[in-house]
Novice: 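One structure coming up, written as structure tokens, with questions to follow.
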Number of protein chains: 2
Amino acid sequence: METQDADSASGFERVFVYLRERLLDGTLKQGERLMAERELALQLGVSRPIVREALRALHMLGIIEIRERVGTIVKRPDASMLKDFFTLALAQQADLIDDVMEARIAIECQAVRLACERATIADFERLQRALVRIGETIDDADAGGSADFDFHRAIVLASRSPTLAVLHESMSTLLARSHRSRRELVQQFSSMKSYLIDDHKRVFDTIVSRDADRAEVTLRRHFAIGDEYRRRAVTGEGDRVEARSAQGT
Amino acid sequence: METQDADSASGFERVFVYLRERLLDGTLKQGERLMAERELALQLGVSRPIVREALRALHMLGIIEIRERVGTIVKRPDASMLKDFFTLALAQQADLIDDVMEARIAIECQAVRLACERATIADFERLQRALVRIGETIDDADAGGSADFDFHRAIVLASRSPTLAVLHESMSTLLARSHRSRRELVQQFSSMKSYLIDDHKRVFDTIVSRDADRAEVTLRRHFAIGDEYRRRAVTGEGDRVEARSAQGT
DNA sequence: TCTTCGTTCTGGTAAGACCAGTACGATGAC
DNA sequence: GTCATCGTACTGGTCTTACCAGAACGAAGA
């Protein structure tokens, strides 16, 4: 007697839309518990499995949290599902990685600008720590890649932007892998060690100086140089070219 | 006799992980159909509703497509669920909108750079069309906001980056609303008309000139000016200030 | 007042069934 | 032999009923 008007749409759609509307119009607020599955099913005139499908869908969206034997509550939105998405999407479309890297550059370049405005002492310290670790792990591809990644993440965190952070984090799986493989080039190009250390230091300095424009330029150049190394590795130019470029820089 | 071996994880988790692995290791490729729900349930030793939950979850991730009475197929990854996410996330955290706007700026600034490298004639034409529409709809908040949005979307499309496009698109709901509300300021600030027309034109010109650095600077300034108008509107400065600023610019 | 216990509620899952279209092979007409 | 038609098997969509185990919470007892 309550839901037969909501025809046309499938059961799942009905439940999903119903819940979405409740979330959008503020009827369901963060931290609140929503109806029990059974009650929801009864009220919407669908079966419980259908309700569960809709809840699972919202759960994947990072909007609700399903606590076993407790209930379903609205949680702080969390885009961690993007991680799964990027990972799976990449598996289907391997060529996507360069594309994602471009998006990552977008995120970080904006982040470094905001970081110049908003970074706190704690952010500086985190950046500093990452910087030190980059120096310490310069000869270790694994730890080095991890340190490199931490530095870049520290930049994003320093931007104090949850959205940028979550987007960056979503790409982390890919980024981490990329950082690591780039680190393996260190064996090939001896000048890379100083590049890795000095260039990150430069980026750090510009953030400390709070000059957004220069920070972005520096970071872009940092990416460009890294790309250049990778390009050279692909085209087969090795140590020989290395010597020249080392003094050229 | 079927499930006790698959320990620890819940039924849903088992199915989800199973499918994810298949997708990651290439066993399931794009366009392929996966097992029927019943068969999947039988093989994994879970009930069909559980299988359906997992399929629904993957569907939300934009990885698979469920065709009624036909089957479930692996499709080209599609991040359109981000739209739902941002919309719902914003409803829960209204303060997130400025944050999302910053992410949007990140996307567009990178996009405009790439557009300078990659834009085709078709992209220029699309930008041009949007530009014309901005001029035509300058007095209409609705159509004007839409035209404005189209222009910015055209920039992202010109970047030829699927990832940037999908991220931008995900924020479209919020952006569209924001563009519209900004357009209402036109009534308040007469100088906004020329700003809207000239500034977009300037951005367009820099893209045509394929000067990435200048394009980004121009676009950033474009955003900054828009922000400035909004700031003034919030602080209550209206037409009075307007006259001065008009000649000041 | 604090502890303990048990009822109740909750999510997790299973199993079986029916519906309505789709896909496709078999059958029949031409 | 070719083509149109027709069944039938299969598929997803959904409902129903039922049981489990742990959490929550109030009542009863120490």
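A note on names: the letters A, B, ... follow the listed sequences, proteins ahead of strands, and every chain is numbered from 1.
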Novice: Categorize A:Arg52 for me: base, sugar-phosphate, or nothing, with a 4.0 angstrom heavy-atom threshold over every strand shown.
Specialist: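 Base, at least one base heavy atom under 4.0 Å.
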Novice: Check the distance between C:dA14's P and B:Ile50's CD1 and give it to me in whole angstrom.
Specialist: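 My rounded result for the distance is 5 Å.
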Novice: Checking side-chain polar atoms at under 3.5 Å, does A:Thr87 have a donor or acceptor matched by the opposite partner on A:Asp84?
Specialist: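 The criterion, which ignores hydrogens and geometry beyond distance, is not satisfied for A:Asp84 and A:Thr87.
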Novice: Between B:Glu53 (CD) and C:dG11 (P), how many Å, whole number?
Specialist: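 So the two atoms are 12 Å apart, to the nearest Å.
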Novice: At under 4.0 Å between heavy atoms, which parts of nucleotides 16-24 of chain C does protein reach? Answer with one letter per nucleotide, 5' to 3': B base, S sugar-phosphate only, - none.
Specialist: -BB-BBSS-
Novice: Starting at CG of A:Leu40 and ending at C1' of C:dT10, how long is that distance when rounded to a whole Å?
Specialist: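 Atom-to-atom, A:Leu40 to C:dT10, this comes out as 13 Å.
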Novice: Is there a side-chain polar atom (N or O) of A:Ser10 under 4.0 Å from OP1 or OP2 of D:dT14?
Specialist: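 Affirmative; the distance criterion is met.
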Novice: Counting only N and O atoms by type, is there a donor-acceptor contact under 3.5 Å from the side chain of B:Ser146 to the main-chain atoms of B:Asp142?
Specialist: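 No; zero donor-acceptor contacts below 3.5 Å.
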Novice: Please work out which of the three classes, parallel, tilted or perpendicular, describes the rings of B:His152 and B:His200, given edges at 30° and 60°.
Specialist: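 Perpendicular: the ring planes of B:His200 and B:His152 meet at over 60°.
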Novice: Once you round it to whole Å, what is the distance between P of C:dT10 and CD of A:Glu37?
Specialist: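 Distance, rounded to whole Å: 10 Å.
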Novice: Specify the separation, in whole Å, of atom CG of B:Leu34 and atom P of D:dC10.
Specialist: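 These atoms are roughly 18 Å apart.
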Novice: Using atom CD1 of A:Ile66 as one end and atom P of D:dA23 as the other, report the distance to the nearest whole Å.
Specialist: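 Atom CD1 in A:Ile66 sits about 17 Å away from atom P in D:dA23.
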Novice: Using whole Å, what does the distance between atom P of nucleotide D:dG13 and atom CZ of B:Arg67 come to?
Specialist: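 About 13 Å, once rounded to whole Å.
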Novice: The side chain of A:Ala36 is closest to which nucleotide in this list: C:dA14, C:dT10, D:dT14?
Specialist: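 Output: C:dT10.
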Novice: So, B:Arg160 and B:Thr120: side-chain donor and acceptor under 3.5 Å apart, yes or no?
Specialist: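 Short answer, yes.
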Novice: Could you please spell out the steps behind the side-chain contact (heavy atoms from CB on, under 4.5 Å) verdict for B:Ile105 and B:Met101?
Specialist: CA-CA 6 Å; B:Ile105 292 176; B:Met101 282 302 290; 5.5 Å; no
Novice: Can you measure A:Glu39 atom CD to C:dC9 atom C1' for me and round it to whole angstrom units?
Specialist: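 It works out to 11 Å between those atoms.
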Novice: We want to know whether A:Arg22 and A:Tyr18 form a side-chain donor-acceptor pair, criterion being a heavy-atom distance below 3.5 angstrom.
Specialist: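 A:Arg22 vs A:Tyr18: donor-acceptor pair found between side chains.
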Novice: Once salt bridge (charged side-chain N to carboxylate O under 4.0 Å, His left out) is applied, what residue pairs with a partner in residues 163-175 of chain A remain, sequence neighbours excluded?
Specialist: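 Listed once each, the pairs are A:Lys83-A:Glu169.
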Novice: Please determine whether a side-chain nitrogen or oxygen atom of A:Thr72 lies at a distance below 4.0 Å from atom OP1 or OP2 of C:dT10.
Specialist: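 For C:dT10, OP1/OP2 do not have a side-chain N/O of A:Thr72 under 4.0 Å.
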